[in-house]
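Take a look at the structure set out below.
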Number of protein chains: 2
Amino acid sequence: MNLRELSELLGLSQTTVSRALNGYPEVSEHTRRRVSDAARKHNYRPNTKAKALATGRTMSIGHVIPVSTKHELVNPVFADFIAGAGEVYAKSGYDMVLSVVSDADEERSYRDMHAKGNVDGVIVHGPKRNDYRIPLLTKLGLPFVVHGRSDGVEHPYSWLDVNNRRSFARATRFLTDLGHRRIALLNGLEDMDFAIRRRAGYESALADAGIAVDPALMRSDEMTENYGFRSACALFRLPDPPTAFLTSSLLIAMGVRRAAEDHDMKLGRDISVVTHDDELSYFGNEGDVPIFTATRSSVREAGRLVAQMLIARIASADGGTEEHLLDAGLIVGQSTGPARPFPRQG
Amino acid sequence: MNLRELSELLGLSQTTVSRALNGYPEVSEHTRRRVSDAARKHNYRPNTKAKALATGRTMSIGHVIPVSTKHELVNPVFADFIAGAGEVYAKSGYDMVLSVVSDADEERSYRDMHAKGNVDGVIVHGPKRNDYRIPLLTKLGLPFVVHGRSDGVEHPYSWLDVNNRRSFARATRFLTDLGHRRIALLNGLEDMDFAIRRRAGYESALADAGIAVDPALMRSDEMTENYGFRSACALFRLPDPPTAFLTSSLLIAMGVRRAAEDHDMKLGRDISVVTHDDELSYFGNEGDVPIFTATRSSVREAGRLVAQMLIARIASADGGTEEHLLDAGLIVGQSTGPARPFPRQG
DNA sequence: TGCGTTAGTCAAAGCGCTTTGGATCGCTTG
DNA sequence: CAAGCGATCCAAAGCGCTTTGACTAACGCA
């Protein structure tokens with residue numbers, strides 16, 4: 001059922017039917033009702049491609065999700081981010097188109113999206129420091145919003161981020177207040193903007209507490225459970241091991257927990273862990289007293305907000321940028337306690 | 001830069017340029033080269049919408065990912081499945097369009113996709129027993145492939161599944177061989193097809209070992225870490241608690257591990273766990289002797305295969321269906337050992 | 001009565017591509 | 001020499017929608 005058929009069926013012109021359906025005022029209430037009844041009855045939906053071609057708007061938004069070539073890894077927060085964004089898209093009539101792309105092909109992927117014209121805008125995921133995508137997209141004139149920020153980019157752009165620096169400073173401060181002085185930082189890849197900010201927060205809080213930064217306690221890599229496990233095991237073997245860990249994701253924290261338990265240490269008693277928690281739906285670090293003490297910020301909510309920002313930006317192409325800084329709360333759970341000397345084995 | 005501009009630039013007709021670019025034979029090698037050089041130079045990409053409208057093919061594939069209204073939960077295996085599928089799409093020039101949809105709106109979502117004509121085919125995720133989507137899509141004539149199967153659907157359709165029944169039978173047998181007789185099953189939601197098959201495998205292996213099925217040891221819910229934790233805690237309180245667990249996802253298994261450790265029990269020594277492992281990239285239940293003994297099958301590889309099947313199906317619309325049953329291997333890890341009496345507290 | 005105004009409708013152009021159905025040219029063939 | 005043919009190329013139609021510009025009928029007003 002297409003517009004022509006529907007209009008013939010009604011004995012009206014395509015113009016009138018189209019206008020009736022799209023809420024234009026130049027059509028009588030009586031006809032409008034007649035048209036929309038018929039449309040509903042025959043389950044008419046305007047053909048997306050034709051509509052897109054005619055209006056120049058595709059009503060779809062691109063997400064380029066990079067797959068690390070090194071580990072073939074997809075960041076698990078995407079699932080929840082996309083759930084949030086998808087919710088908003090569904091309400092606003094947008095489609096979400098995903099390109100899963102090895103990070104080597106990422107730039108071409110953005111260029112193609114623009115040239116092929118199959119999206120009205122894109123969301124930029126996982127910005128690095130001085131991320132090349134921001135000037136690129138600005139130059140192309142493709143509307144975008146960044147989830148995160150990029151230190152080093154001077155010109156204005158729209159972004160939404162959590163206050164990584166502040167929240168990691170708070171978390172560190174929380175640990176030093178508990179008496180910890182050997183605090184390990186298990187961060188994400190060090191070229192990621194968020195990782196840089198988190199480290200800065202950590203270092204500044206250490207400085208405030210008069211503790212020297214020890215590079216031996218700082219690690220960064222892709223945020224897997226195994227990375228947490230291996231790192232913790234290695235750190236336990238140090239002559240002067242840490243009594244607390246600050247980790248950039250729940251997965252890492254779970255790895256630390258596994259390592260601790262393998263060493264017969266209990267979280268919150270023998271060793272403390274604070275993690276960032278994106279509130280992933282299937283993890284559920286919830287409850288009155290959650291498992292992990294955490295800096296918490298819902299990535300799903302971020303998805304919702306970023307999607308709204310982008311839609312607004314597409315609608316009014318006046319180029320005004322918008323910046324949102326979310327505050328991550330510090331939630332105290334079972335994984336932290338006063339510093340204790342490291343329990344030496346044997 | 002569009003086709004008209006490019007053809008004017010070259011002093012050729014749009015027809016010729018289009019044919020040159022699409023590899024039709026009616027154009028001389030000399031012109032073809034001239035055209036493709038110019039296209040490359042000006043970074044010309046045919047406009048997707050126009051091409052789609054003209055050809056009737058959108059070159060994109062839909063994935064409807066349902067968000068459980070109950071828990072607002074997105075299955076974390078999607079991220080990896082989509083990574084696999086996306087890889088294939090990228091190679092074949094397809095786009096992936098995602099609809100994140102609360103399961104109440106799911107049916108409408110499929111109907112809309114078909115009526116709006118913005119996808120050439122869809123992939124059906126998470127089939128339940130006798131899933132209504134299969135007859136629906138068949139009726140609509142929208143090409144599809146199911147990831148999983150649906151017991152109760154009679155007419156033929158294309159699917160790819162792992163041998164859930166067999167692999168869970170093997171896993172159960174593995175545990176009974178180790179002397180376990182009280183084996184708990186922590187399954188996914190019981191209306192899911194895979195959950196039904198896994199339970200069937202579990203029950204048949206118990207029967208083979210002459211063990212009566214105890215409903216008190218069987219649970220099913222959405223597969224979160226918390227569900228694993230809470231279930232294990234509850235089961236530990238039984239008068240006759242299980243000595244082993246069979247779980248449907250690594251997340252559940254991690255919950256069980258946490259519960260065990262809270263009860264001062266060690267996996268593989270005091271209690272055994274076998275889990276299904278989708279080889280999610282960020283979990284990495286790897287190594288020579290992985291953490292968990294597991295029935296293992298890569299969901300990313302499944303994504304690749306399903307995508308290929310669908311593309312083939314779209315290309316040759318002759319309606320022949322294809323069925324693939326993958327075998328999940330049983331990998332022995334550190335989480336299993338001979339049965340021991342449950343360590344009573346106090 | 002004549003004319004401007006307004007509400008309601010329509011025909012046709014255009015979005016950027018593919019594809020059908022010629023057209024042209026240079027050569028070979030009977 | 002006329003006809004036929006392959007190799008190239010082109011004009012124009014069509015995909016299904018929106019939107020511009022025009023048209024018609026009805027109405028109010030001087």
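Naming convention: chains lettered A, B, ... in sequence-line order (proteins, then strands); numbering from 1 in each chain.
For the pair A/R33 CZ and C/dG8 C1', the interatomic distance rounds to 17 Å; values are reported in whole Å. Distance CZ (A/R4) to P (C/dA11): 14 Å, rounded to an integer number of Å. The CG atom of A/L3 sits 13 Å away from the C1' atom of C/dC10 (whole-angstrom rounding). The nearest whole Å value for the distance from the CZ atom in B/R57 to the P atom in C/dT18 is 13 Å. Note: CD (A/E8) to C1' (D/dG16) measures 13 Å, nearest angstrom. A straight line from CG of A/N2 to C1' of D/dG16 spans 6 Å, rounded to a whole angstrom. Rounded to whole Å, atom P of C/dC15 lies 11 Å from atom CD of B/E5.
Side chains of B/D161 and B/H324 form no contact here, defined as non-hydrogen atoms less than 4.5 Å apart. Taking 4.5 Å as the limit, some side-chain heavy atom of A/V74 sits within range of a side-chain heavy atom of B/R300. Considering only heavy atoms from C-beta on, A/Y89 stays 4.5 Å or farther from A/D95 through its side chain. Inter-residue side-chain proximity for A/R313 and A/S158 is flagged as met; some heavy-atom pair is nearer than 4.5 Å.
If you check the side chains of B/S150 and B/D193, you find no donor sitting under 3.5 Å from an acceptor. Looking only at atom types and distance, the side chain of A/S99 has no donor-acceptor partner in the side chain of A/H63 under 3.5 Å away.
An end-to-end axis angle of 70° holds for the helix from C/dT1-D/dA30 to C/dG30-D/dC1, taken from five base pairs per end and rounded to 10°.
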> When every nucleotide of nucleotides 7-13 of chain D is labelled 5' to 3' by its protein contacts under 4.0 Å (heavy atoms), B for base, S for sugar-phosphate only, - for none, what sequence of letters results?
Replying inline: -BBBBB-
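Listed by chain and number, the residues in a side chain to side chain contact (heavy atoms under 4.5 Å, CB included) with A/H30 are A/S28, A/R34 (sequence neighbours excluded).
The phosphate of D/dT18 (OP1 or OP2) has no side-chain N or O of A/Y24 nearer than 4.0 angstrom.
A donor-acceptor pair under 3.5 Å links the side-chain atoms of B/S7 to the main chain of B/R4, judged by distance alone.
Within residues 108-121 of chain A, no residue places a heavy atom under 4.0 Å from DNA chain C. Against DNA chain D, the stretch residues 39-54 of chain B makes heavy-atom approaches under 4.0 Å through B/L53, B/A54.
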>> Does B/Y157 form a side chain to side chain donor-acceptor pair (under 3.5 Å) with B/R133? I'd like the steps, not just the answer.
In response: CA-CA 11 Å; B/Y157 58 93; B/R133 291 173 291 177; over 6 Å; no
> Can you list the steps and then say if A/V67 with A/V101 is a side chain to side chain contact (heavy atoms under 4.5 Å, CB included)?
Replying inline: CA-CA 6 Å; A/V67 174; A/V101 122; over 6 Å; no
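Looking at A/R40 and A/D37, a side-chain N of the basic residue comes within less than 4.0 Å of a carboxylate O on the acidic one, giving a salt bridge. Taking the charged nitrogens against the carboxylate oxygens, A/D112 and A/R108 do have a contact shorter than 4.0 Å, which makes a salt bridge.
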Please output the side-chain donor-acceptor pairs of residues 14-24 of chain B that fall under 3.5 Å, not counting sequence neighbours, one pair per line with the distance.
from  : atom 1 : to    : atom 2 : distance (Å)
B/T16 : OG1    : B/S13 : OG     : 3.1
B/N22 : ND2    : B/S18 : O      : 3.2

